[in-house]
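A note on names: the letters A, B, ... follow the listed sequences, proteins ahead of strands, and every chain is numbered from 1. Not measured: the values here are computed from a predicted model.
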2 protein chains.
Amino acid sequence: MKIGELARLSGLTPSRIRFYERIGLLKTVDRRPNGYRTYPRQAVMILGLITTAQRAGFTLDEIRTLLPPDLEHWDHATLMDALTRKIADIEALQARLAQSRMHLLRLIEDIQARPDDMDCAANAHRVLTNMLADHPKALDVTSDDIRLLDATDRRQSVSPGRRKKTASR
Amino acid sequence: MKIGELARLSGLTPSRIRFYERIGLLKTVDRRPNGYRTYPRQAVMILGLITTAQRAGFTLDEIRTLLPPDLEHWDHATLMDALTRKIADIEALQARLAQSRMHLLRLIEDIQARPDDMDCAANAHRVLTNMLADHPKALDVTSDDIRLLDATDRRQSVSPGRRKKTASR
DNA sequence: CCTAACGTTAAAGATAGCTTCAAGGTCAAG
DNA sequence: CTTGACCTTGAAGCTATCTTTAACGTTAGG
């Protein structure tokens, strides 16, 4: 089949298929005398496999190294290893997302927890200070820096669980 | 303070700070007679805020529209709305990651569930067919999701896996 | 006075994964 | 014979977020 038909069958665009060939993800295919690419039926499955792997989080580079020249002969060990590591990657991402989410929830709570006797500006400062104190390491901000920030306006900075031990630096 | 000191205090590079100014994320700062930028101490907090928001999954564009000219005067309603929507984004992504993970786990199981009387080639075909027959849209991850992933992932990844010779010939 | 470290700018490069464009060649139908 | 749909190529563009480079000015210290 020609590239247009393969595109229709696989749901990809012709340009994408040519792109995959260019980067070595698909092996070069046969050409007709006029230069047109000619694909075997199996190509549809290969493309489906590629998009499925992409959706699972594999990069094209990873897919290229995993894809065997022959769909029936996989490097079993390498494949299982890649799958296992990808699951671990996903779990790491999940952990970070969970943290991000909790961080945002805590931020919302903190903003709404404005004491009655505090005006918005002071509350803004309180929330900001709390938030930036939450991740000192990631921001490369030391405890000295925090104190420096506080010095700007040292009125009140009340929050539960303010600093956690400022690990290392 | 000059840009180098701000960079040290904030953990960002000078080029990144200049970049933020160029795209309008930071307002233009005062200059000394020699042309050097001069920052107020508050700038450290603004940069910390920006990187924190980035880690939470906000794009620089989003941050720019949310950041008030004055750190003490936020658009409370818009901010809360943005935070809430970002949490929803995260949760949607979490759901998709969970599905991706389950998909991979099922794939591993399926590969290992090769009947005794089936050779590897036939098993490969069986697994492939099962996989491609699975809910193809279930794991779809949009470019927006990728961005959110990047926000939590990129700056922490050790090496940005480089591609060899990006498609040219 | 010299040098190293810092500051400035505009422009280009890097990353992933494509799409789009320009400039053609091929082919089937009418 | 013309039209329009298809095919070809290489090169450039797109997105977001920076970094790097080049070429140059400034400043602090010895």
Side-chain angles (χ1 to χ4, degrees), chain A residues 1-26 28-39 47 50-65, chain B residues 1-26 28-39 47 50-65 140-169:
Chain A
M1 75 183 84
K2 287 184 292 183
I3 200 171
E5 193 186 354
L6 175 60
R8 248 174 290 113
L9 289 180
S10 65
L12 278 63
T13 60
S15 71
R16 192 165 160 192
I17 297 171
R18 284 191 282 255
F19 170 72
Y20 284 169
E21 180 181 332
R22 224 174 31 199
I23 65 171
L25 185 54
L26 304 176
T28 49
V29 292
D30 295 338
R31 302 294 188 116
R32 293 192 186 157
N34 58 15
Y36 289 13
R37 289 171 178 81
T38 296
Y39 293 92
L47 291 180
I50 288 173
T51 55
T52 299
Q54 271 189 296
R55 283 202 307 272
F58 289 89
T59 67
L60 297 185
D61 269 359
E62 290 171 322
I63 297 171
R64 177 174 42 212
T65 64
Chain B
M1 74 182 86
K2 287 183 290 184
I3 198 171
E5 193 186 354
L6 175 59
R8 247 174 293 111
L9 290 180
S10 65
L12 278 63
T13 60
S15 71
R16 192 165 160 193
I17 296 172
R18 291 192 201 100
F19 170 71
Y20 284 170
E21 180 180 332
R22 232 186 17 242
I23 65 171
L25 185 54
L26 305 176
T28 50
V29 292
D30 295 338
R31 301 293 188 114
R32 294 195 184 152
N34 59 15
Y36 288 14
R37 291 171 177 79
T38 297
Y39 294 92
L47 290 180
I50 289 174
T51 54
T52 299
Q54 270 190 297
R55 283 206 314 277
F58 289 89
T59 67
L60 297 185
D61 270 358
E62 289 171 322
I63 296 172
R64 178 172 41 212
T65 64
D140 215 353
V141 173
T142 70
S143 56
D144 269 6
D145 298 332
I146 298 293
R147 213 214 55 250
L148 217 144
L149 284 183
D150 281 351
T152 62
D153 196 25
R154 177 163 49 201
R155 267 167 299 283
Q156 282 137 20
S157 89
V158 182
S159 155
R162 61 180 42 217
R163 196 155 69 180
K164 33 191 71 175
K165 219 178 160 189
T166 310
S168 66
R169 228 176 13 117

Open item on the list: Without decimals, in angstroms, what is the distance between A/Arg16 CZ and D/dC7 C1'?
Closed with: 20 Å
TODO: Take atom CG of A/Leu26 and atom P of C/dC18, then tell me their distance rounded to the nearest Å.
DONE: 11 Å
Open item on the list: Closest approach to the side chain of B/Arg18, judged atom by atom: which nucleotide of C/dG7, D/dT8, C/dC18 is it?
Closed with: C/dG7
Open item on the list: Measuring to OP1 and OP2 of C/dT9, would you say a side-chain N or O of B/Arg31 lies under 4.0 angstrom away?
Closed with: yes
Task: Whole-Å distance separating the CG atom of A/Asp61 from the P atom of C/dA16 - done: 7 Å
- [ ] Describe the nucleic acid contact of B/Ile3 in one word from base, sugar-phosphate, nothing, applying a heavy-atom distance below 4.0 Å.
- [x] sugar-phosphate
Open item on the list: Would you say A/Gln54 places a side-chain N or O within less than 4.0 Å of OP1 or OP2 belonging to C/dC18?
Closed with: yes
Open item on the list: Please confirm whether the shortest side-chain N or O distance from B/Arg37 to OP1 or OP2 of C/dT8 is below 4.0 Å.
Closed with: yes
Task: 5'-most by nearest nucleotide on DNA chain C - A/Tyr36 or A/Ile17 - done: A/Ile17
Open item on the list: I'd like to know whether A/Arg16 forms a side chain to side chain contact (heavy atoms under 4.5 Å, CB included) with A/Thr51, so could you lay out the CA-CA distance, the side-chain angles of the two residues, the decisive distance to 0.1 Å, and finally the verdict.
Closed with: CA-CA 11 Å; A/Arg16 192 165 160 192; A/Thr51 55; 3.7 Å; yes
TODO: Give a yes/no answer on whether the side chain of B/Ser15 brings an N or O atom under 4.0 Å of OP1 or OP2 in D/dC18.
DONE: no
TODO: Ignoring backbone atoms, establish whether B/Thr59 has a side-chain N or O less than 4.0 Å from OP1 or OP2 of D/dA16.
DONE: no
TODO: Send over the distance from A/Arg55 CZ to C/dG17 P, rounded to a whole Å.
DONE: 15 Å
Task: Presence of A/Thr13 side-chain N/O under 4.0 Å of C/dC18 phosphate oxygens OP1/OP2 - done: no
TODO: Could you please name the option among C/dC18, D/dT8, D/dT17 that lies closest to any side-chain atom of B/Leu60?
DONE: D/dT17
TODO: Using whole Å, report how far CG of A/Leu12 lies from C1' of C/dC18.
DONE: 11 Å
Open item on the list: Quick one, B/Leu26 with B/Ile50, criterion side chain to side chain contact (heavy atoms under 4.5 Å, CB included). Give me CA distance, side-chain angles, the key distance, then yes/no.
Closed with: CA-CA 10 Å; B/Leu26 305 176; B/Ile50 289 174; 3.8 Å; yes
Open item on the list: Any side-chain N or O of B/Asn34 below 4.0 angstrom from OP1/OP2 of D/dG25?
Closed with: no
